[in-house]
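Report on one structure; see the data block that follows.
Chain naming here is simple, since letters A, B, ... match the order of the sequence lines and numbering starts at 1 in each. This one's a predicted model, so the numbers in the text were calculated from it and none came from an experiment.
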There are 2 protein chains.
Amino acid sequence: MNQLSKRRTMGRVSGENAVIEVAWLYYHDGLNQKDIAEAFGISRATVVNYLQEAREKGLIRITLAAPAFTTHRLAAELCRRFGLTAAYVVPDEGTTQEQQFMRVVRGAALWLPELLAPGDRLGVAWGRTVFDLAAALERHDIADMTVLQLVGSMATPYGFTAEACSTRLAQRLGARCLNLHAPAILSSADLAAALRAEPIISRQLAGIETLNKLLFSVGTILPDSHIMSAGLATQADLDHYVAAGAAGVICGRFVDAGGRAIPGPMEARMIGIPMERLTGLPMGILVTPGKDKVEASMAAIRGGYVTHLVTCTTVAEALLSAAG
Amino acid sequence: MNQLSKRRTMGRVSGENAVIEVAWLYYHDGLNQKDIAEAFGISRATVVNYLQEAREKGLIRITLAAPAFTTHRLAAELCRRFGLTAAYVVPDEGTTQEQQFMRVVRGAALWLPELLAPGDRLGVAWGRTVFDLAAALERHDIADMTVLQLVGSMATPYGFTAEACSTRLAQRLGARCLNLHAPAILSSADLAAALRAEPIISRQLAGIETLNKLLFSVGTILPDSHIMSAGLATQADLDHYVAAGAAGVICGRFVDAGGRAIPGPMEARMIGIPMERLTGLPMGILVTPGKDKVEASMAAIRGGYVTHLVTCTTVAEALLSAAG
DNA sequence: TGCTATTATTTACAAATGTCAAATATGTCT
DNA sequence: AGACATATTTGACATTTGTAAATAATAGCA
C-alpha cells in the first residue's frame, strides 16, 4: 500500500512524520502517551504503536553520556599515571568475565563514534574484541572516512576474517574500507617480499600507512591466544618470543614489556603495517576487556600506541597496580 | 560529607559507581527497576532516585537519531535542489511559530555536536537563534576546538552580547573561545581602520579568519530586524540597502538575492570578518527557524555560505516553493 | 556522648506504560 | 460490491514507573 496515502493523517500531520512527531513529543517534550493521543485525536494504543515503531527503526538513541565514564576517578587516574588523553571506564562489579567483556565492548562501541571525525583514516587490528565492537556499533555516518585493515588474512579461530572485521566496522561507520588482500604470513621471506612488491599489494600497504587513528586490542602470549590459534605463530615461535621477553602481541607482532617489537623469525614473512607506524599517532584507542590482557596492555601503553583506553574498573585497578 | 563513605554501598559497588551502574542496567541492559533493586539489595524507589539523579546530571542522553530528520523526503529534496551536503528537517505541524522556533533550535542543538570534530574552528554569528541554540545544547567535550566570534559587539536587543553568545557556545562544546573585543560598527571609517590596525584587534581579526566551519542564522530586512534594534543600521541605511536590492543580512552585512554583499555606507565602519571568508567553507550550517527568513535564507544558499541546513517542514516547503 | 541537621532510603499509593485479543476502519484491487 | 491486507481502536488487565511523605542513617558539632 502506498504509504503516502496511508491513514496516518493525524489531523494534518503527513504520514511519514507521524512516527517522528510522536517520538519527538514523547522523548524530547516529555509528554505522556495520553496527552499525545489527545493532541492528535488518535488512540493511546496508536501512540504506543508509533513509539514502538520508532524504537524498532532505530530512531531512538538512548546512551549514557561519555563523561559518566571518562570523568570517573579511575579514568582520571589512568590518564594521570599513563599520560593518556582520555580513558573510558565502565563499571563491572558483580559481573562475570564474559559480561565484563561485553560491557567494555559495548562501551567502546558507544564512545568510538564520538572520537571519530570526517576525513579520519582509522586503522583497525583484528581480533574478537574489534569484531564484537563492530557488531555492537550502531549505524553512524561519518563523512569522508576510511577504515584500514592493518593486518593480512589468516586462519580464523573466531569464524570471521580480518577483512570481514574491518568491512563490518566500515559499514557501521558509513565509511569506505581499504582491505589488505594478502595473507598475514607467508612460508618464506622471499615470497613475502615478492608479494609486497606486487603493485596492488604495494599500493594497499602504502594506503594503510596513512592512518591517523588506530583501534586495537592486544593479544596475550598465552598458548591459547589467537595468534596461535590463527596459525600465525607456532609453539616454537612462541617459545622464542617468550624467551626474548615478549609481553604481548600488537597487530600480529610480539612486543616486549616496553612495547618494542621483538625481532624474530616471523617478521620478514609477514604482510602488514610496520609497527613504527602505529606509535605517535594523534589517536590510538586501546580496548582492554579482561585482566588477562593487563600485561600486554601495559606494554602497548609504554610503547606509545595508546592515547585513549577503554576498559572496566577491574582492569583499570589492575593496570594502576601494575604501574606500582 | 565524604561521598566515598556514603551508604551507597550496594553490596560491593562503590558509591560513585552506584548511579552509573544502575543506569547501565536500566538503559543498556534493559532490566526493570524491580530486578535491579533485587540485584543490589536496595529498594525500587532507590533505583528510581538513582535513575532520576543520572538524568539530572545529564548522564543519560536520549535523542532521536539524526537520520530521522536528515533522510526525510523534504530534507533530501532540499539537498537535491540546493546542492546541500545535508539538511535536518524537524516536523512542525500543529505548532505555533514560537514552538516552531524552539524545535528548530532544539534540532540544531542535537545535530551540531555530530557535525563537529576535534580541531574545528567554528565561526559563529550573533543573534537570538544562535544564542538559544547554545542554551539548548547539552555539554559536550570536543577536543582541541575553538569557537570564533565573527562580529563585534553592539547594542543588545536580546539581553545578551555577541561575546556572551560565543562564549556560551564554547562552554557547551568544551571549546576555547576567540572573542572580538571591538564594536561591530564605529562612527567613522578612519576610526574603524585605526582600530583594525590595533595589534590586539588585528590579531583577533586574523584569528577569526581561520574558521573552517560556520554556524549562523540570517537576518531579515524588516524594520524590526535585529540589525536595526541593535543599532547597527539606521532607517536611512536600511532604505539604502533595500533600494539596492537587499534580501537579507549575514553576519551584520546586507546581501542581495544572490547572496552577494551589497556595497554601502556601513562597510568601512564595521569590524568583523570579511564576507568572502564565509563562502566555500567545508561546512556552513544555516539555522532557519521561521518563514520570515525564507528569502534571506535563499540568498545565503545562493551565495555559497551553506552546506548544512536546519529547519522545519513549513520552512522547507517554503524554500522549495521559492526555488520554483 | 548526645543532639541536630543533612542526606539517603523506604513505604505506600498514584500514574503511566505495555500487552493482547477482538472489533472496526480504511485503502486497494478485481 | 466484495475480498483482502493493513491500520487503528477498544477495553481490560498486568506490569512498570513516578511521587511524596515518612523513616533511617550518617556526619558534624558542642
* Would you tell me if any nitrogen or oxygen in the side chain of B:Ser43 comes within less than 4.0 Å of OP1 or OP2 on C:dT10? => yes

* Asked: For A:Lys34 and A:Ala45, take the nucleotide of DNA chain C holding the closest heavy atom to each; which residue's nucleotide lies nearer the 5' end?
  -> A:Lys34

* Whole Å only: how far is the OH atom of A:Tyr50 from the P atom of D:dA7? -> 10 Å

* **Below 4.0 Å: OP1/OP2 of C:dT17 and any side-chain N or O of A:Arg55** => no

* To do: Report the nucleotide, chosen from C:dT10, D:dT10, D:dT19, that has the shortest atom-to-atom distance to any side-chain atom of B:Asn49.
  => C:dT10

* Distance in angstrom units between B:Ile36 CD1 and C:dT9 C1', rounded -> 16 Å

* Could A:Glu21 and B:Arg103 be called an ion pair, given the rule that one side-chain N must be under 4.0 Å from one carboxylate O? -> yes

* **Gap between atoms CD and P, on A:Gln52 and D:dA7 respectively (whole Å)** => 13 Å

* Phosphate-side-chain proximity, A:Asn32 and C:dA16, N/O vs OP1/OP2 below 4.0 Å -> yes

* Ring geometry between A:Phe69 and B:Trp24 (parallel below 30°, tilted from 30 to 60°, perpendicular above 60°) -> perpendicular

* Atom pair distance, as rounded to whole Å: CD in B:Gln33 and P in C:dA15 -> 17 Å

* Structure fact -> Considering only heavy side-chain atoms of A:Tyr26, the closest of C:dG18, C:dT17, C:dT19 is C:dT17

* For B:Ile42 and D:dA25, what is the distance between atoms CD1 and P respectively, to the nearest whole Å? -> 15 Å

* Structure fact -> With the side chain defined as heavy atoms from C-beta on, B:Arg44 is closest, among D:dG18, C:dT19, D:dT10, to D:dG18

* Is it true that the NZ or CZ of A:Arg55 lies under 6.0 Å from the centre of A:Tyr50's six-membered ring and within 45 degrees of the ring axis? -> no

* To do: Using a strict 4.0 Å threshold on nitrogen-to-oxygen distance, state whether A:Arg73 and A:Glu77 make a salt bridge.
  => no

* To do: Could you tell me the separation between the CG atom of A:Leu51 and the C1' atom of C:dG18, rounded to a whole number of Å?
  => 11 Å

